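Keep in mind that what you see is a predicted model, and the values were worked out from it rather than measured.
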Amino acid sequence: MWDSNPSRGGGISRRTFGLGLLGGVALAAAPAATADPGPGTYRLTADQMSRTADRDFFGVNGARIISAENAGQWRDPVFQGALAAVGPGLIRVQGGTTSQWIDWRTGRFDERDGGGFAGHNDGRPPLALADWSGILQRIGAVPIFDLNVVTSTLDDQLDMLREARRLGMPVRYVELGNELWAPMRAYIDRYPTGADYAGVMNDWITAIRREFPDVRIGVSAVDDSSPAGVLAGTRMGSWNRGLYEAIRDAAVFHPYWIVDPLAADISSTAAGGAVTWTGLAGKVLPELPSGMRAWFTEYNQMGKEAVAPLDRLPAVQQTWAVGLSVASFTLRALLDPRADLAVMHCALNGAPSADTGGGGTTNQAVHALISDGSGGSSRFGRTALNVALTPIYHCLEAGTTVRALRLDRGVEISAALLTPVYAGAAEAFTGAELTSAGGTRAVLINTSDRPLRIALPPSLIGAQDVRIYHASPTAAPAFVAGDTVSETSTAVSDVLDLPAYSQAVLRCPPAGA
């Protein structure tokens with residue numbers, strides 16, 4: 001994620017784009033089974049089309065690491081254990097904007113003008129490459145190296161990858177910079193257009209593959225399903241065209257969505273992830289050249305930020321509705337064969353404060369996978385995102401076959417979003433079937449305000465292990481004392497009752513077991 005401050009020579013923030021349209025978009029039990037589905041039952045079927053994915057499809061952005069407190073928490077074995085329990089296969093090193101202004105040898109920020117990191121080394125324990133090696137080993141994750149293509153050099157970054165290999169870190173995924181299309185002066189001066197960026201990166205790609213022939217590489221692309229490109233001017237609007245004409249490695253996108261604050265109801269919040277994915281799948285992904293894949297190395301809901309006019313919004317709380325929304329996006333990314341990975345932003349942060357941007361020096365509750373203890377939150381507490389994403393991450397094993405699960409008729413809720421610009425009906429059900437050597441699993445998400453009685457397909461009938469995660473949509477675990485998400489275990493025959501605002505995970509043993 002990026003933000004911009006006029007005092008740093010930047011332009012408007014991406015977080016500002018949607019709010020400029022404010023007003024024009026705004027809109028004024030325990031599960032059981034039965035042998036007789038009966039009227040009103042939704043029938044669930046699996047798509048014929050499938051794709052294969054491994055555990056390293058899912059991951060978490062290695063943030064926040066700017067404040068002294070958060071940088072120290074990344075070193076804390078308790079935090080590392082909490083993150084390991086979630087089970088991300090990937091960790092993005094070293095975060096996003098931070099990766100463009102940091103020295104991998106020392107773990108200290110480059111404090112020159114243009115980055116917004118002046119003074120942030122004071123009292124902050126550095127996170128050098130050797131530190132990340134230990135963190136990744138403890139969590140059991142593979143790194144995505146977000147290379148510094150702004151304040152470093154190709155030779156220096158190759159040295160980093162060589163050192164990573166020496167430290168035992170696999171060099172499988174490399175991302176070439178973070179949001180270089182953003183209107184920050186340092187980025188504009190270095191890469192005036194997407195074509196200029198692609199030209200330089202082609203040289204980097206050749207050199208990297210010479211030493212790491214099996215590495216997969218992603219380049220910075222614009223999510224133009226939002227009005228961002230129009231409002232930011234010609235550079236951002238034309239970035240992808242110049243990029244796609246010159247390069248064929250994976251395109252990296254950072255989709256964020258903003259719920260219209262004038263219609264910030266539960267329905268719009270719960271629908272945000274599905275609405276955002278639908279826009280990406282309908283516009284952004286079809287524009288990819290043949291053979292080019294999509295990486296999502298940041299995504300989440302957004303809220304109050306430290307740039308006008310977003311700074312006038314009330315701080316967004318992370319609720320169970322937010323967790324289900326992000327889980328819906330995550331599952332839909334997994335189901336699309338054009339997507340290669342989904343890395344959520346971000347691993348660690350806490351409650352919003354008056355300044356939630358400015359280079360990310362403070363925290364925002366709506367993003368947090370694990371709370372950091374600020375703003376009255378529990379230290380290293382399980383947030384709604386944590387509860388919703390953990391069982392999804394745990395469903396992936398090596399060589400997992402994934403198919404979409406669909407209801408025989410639509411279930412819709414209303415949604416009003418600023419980014420992407422949207423007002424209307426949104427899909428409220430997301431389902432996936434995942435089959436591996438360990439058996440068949442299914443994840444079913446209901447973001448509507450009513451329960452769904454679902455007749456299961458043959459592959460799921462008789463599931464002996466069914467977990468239902470359910471809470472009030474406004475519950476904010478880890479941030480509000482006493483708020484929790486209930487987990488109910490049951491078995492089903494051929495029908496499942498899925499409560500409102502819930503997620504179910506079904507497990508069937510392998511055939512013949």
Could you give me the CA-CA distance, side-chain angles and deciding distance for W181 and E179, then say whether side chain to side chain contact (heavy atoms under 4.5 Å, CB included) is met? CA-CA 5 Å; W181 39 262; E179 300 179 359; 3.5 Å; yes
How many angstroms lie between atom [atom1] of [X] and atom [atom2] of [Y], to the nearest 0.5 angstrom?
{"X": "R441", "Y": "H394", "atom1": "CZ", "atom2": "NE2", "answer": "9.0 Å"}
{"X": "R43", "Y": "L456", "atom1": "CZ", "atom2": "CG", "answer": "10.5 Å"}
{"X": "I65", "Y": "N70", "atom1": "CD1", "atom2": "CG", "answer": "10.0 Å"}
{"X": "T52", "Y": "F57", "atom1": "OG1", "atom2": "CZ", "answer": "12.0 Å"}
{"X": "Q301", "Y": "T269", "atom1": "CD", "atom2": "OG1", "answer": "5.5 Å"}
{"X": "N349", "Y": "S374", "atom1": "CG", "atom2": "OG", "answer": "8.0 Å"}

Tell me, yes or no, whether the heavy-atom count around E487 atom CD, taken from other residues, nucleotides or ligands under 6.0 Å, exceeds 12.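 More than 12 heavy atoms, drawn from other residues, nucleotides or ligands, come within 6.0 Å of this atom.
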Are there over 12 heavy-atom neighbours, none belonging to R172, within less than 6.0 Å of that residue's CZ?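 Atom CZ in R172 is not packed in, count stays at 12 or less.
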Is there side-chain contact between [X] and [Y], with heavy atoms separated by less than 4.5 Å?
{"X": "E287", "Y": "D224", "result": "yes"}
{"X": "I392", "Y": "Q503", "result": "yes"}
{"X": "P457", "Y": "T45", "result": "no"}
{"X": "P286", "Y": "R338", "result": "yes"}
{"X": "V86", "Y": "M344", "result": "no"}
{"X": "L324", "Y": "Y469", "result": "no"}
{"X": "I454", "Y": "F429", "result": "yes"}
{"X": "Y299", "Y": "T276", "result": "no"}

Which salt bridge (Lys or Arg N to Asp or Glu O under 4.0 Å) pairs, counting each pair once, include a residue from [range], with sequence neighbours left out?
{"range": "residues 376-386", "answer": "D76-R379"}
{"range": "residues 46-55", "answer": "D47-R406"}
{"range": "residues 419-434", "answer": "R332-E427, R403-E433"}

Please identify which of these residues, T297, D223, N300, meets the side-chain hydrogen bond (donor to acceptor under 3.5 Å, both in side chains) condition with H254. T297
Heavy-atom donor-acceptor pair, [X] side chain to [Y] backbone, under 3.5 Å:
{"X": "T400", "Y": "L396", "answer": "no"}
{"X": "D483", "Y": "A476", "answer": "yes"}
{"X": "Q318", "Y": "T383", "answer": "no"}
{"X": "N446", "Y": "P499", "answer": "yes"}
{"X": "H470", "Y": "L498", "answer": "no"}
{"X": "S268", "Y": "A416", "answer": "yes"}
{"X": "S328", "Y": "A274", "answer": "no"}
{"X": "Q80", "Y": "W74", "answer": "yes"}
{"X": "W132", "Y": "V93", "answer": "no"}
{"X": "Q464", "Y": "G462", "answer": "yes"}

Can you tell me how the ring of F380 sits relative to the ring of F79, calling it parallel under 30°, perpendicular over 60° and tilted otherwise?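 Answer is tilted, since the angle falls between 30° and 60°.
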Would you call the rings of W277 and F329 parallel, tilted or perpendicular, where under 30° means parallel and over 60° means perpendicular? perpendicular
Dump the intermediate steps for side chain to side chain donor-acceptor pair (under 3.5 Å) on D265 and S267, then the final yes or no. CA-CA 5 Å; D265 53 15; S267 181; 5.1 Å; no
Are W257 and Y422 an aromatic pair, judged by ring center distance below 6.0 Å? no
Show the nearest heavy-atom pair for residues F479 and A368, with the distance to one decimal. CZ-CB, 4.0 Å
Please give me the minimum heavy-atom distance between P143 and P170, naming the atom from each residue. CG-O, 3.5 Å
Under the criterion side chain to side chain contact (heavy atoms under 4.5 Å, CB included), I'd like the reasoning laid out for R293 against R216: C-alpha separation, chi angles, the key distance, then a yes or no. CA-CA 11 Å; R293 312 284 287 180; R216 297 163 70 181; 5.9 Å; no
Report the C-alpha distance between T447 and S325 in whole Å, list the side-chain angles of each, state the deciding distance to 0.1 Å, and finish with yes or no for side chain to side chain contact (heavy atoms under 4.5 Å, CB included). CA-CA 7 Å; T447 58; S325 172; 5.9 Å; no
W295 and its side-chain contact (heavy atoms from CB on, under 4.5 Å) partner, picked from L341, D249, V219: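 By the side-chain contact (heavy atoms from CB on, under 4.5 Å) criterion, W295 pairs with just one of L341, D249, V219: L341.
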Apply side chain to side chain contact (heavy atoms under 4.5 Å, CB included) to the pair L176 and V174, showing each step before the final yes or no. CA-CA 6 Å; L176 296 176; V174 165; 3.9 Å; yes
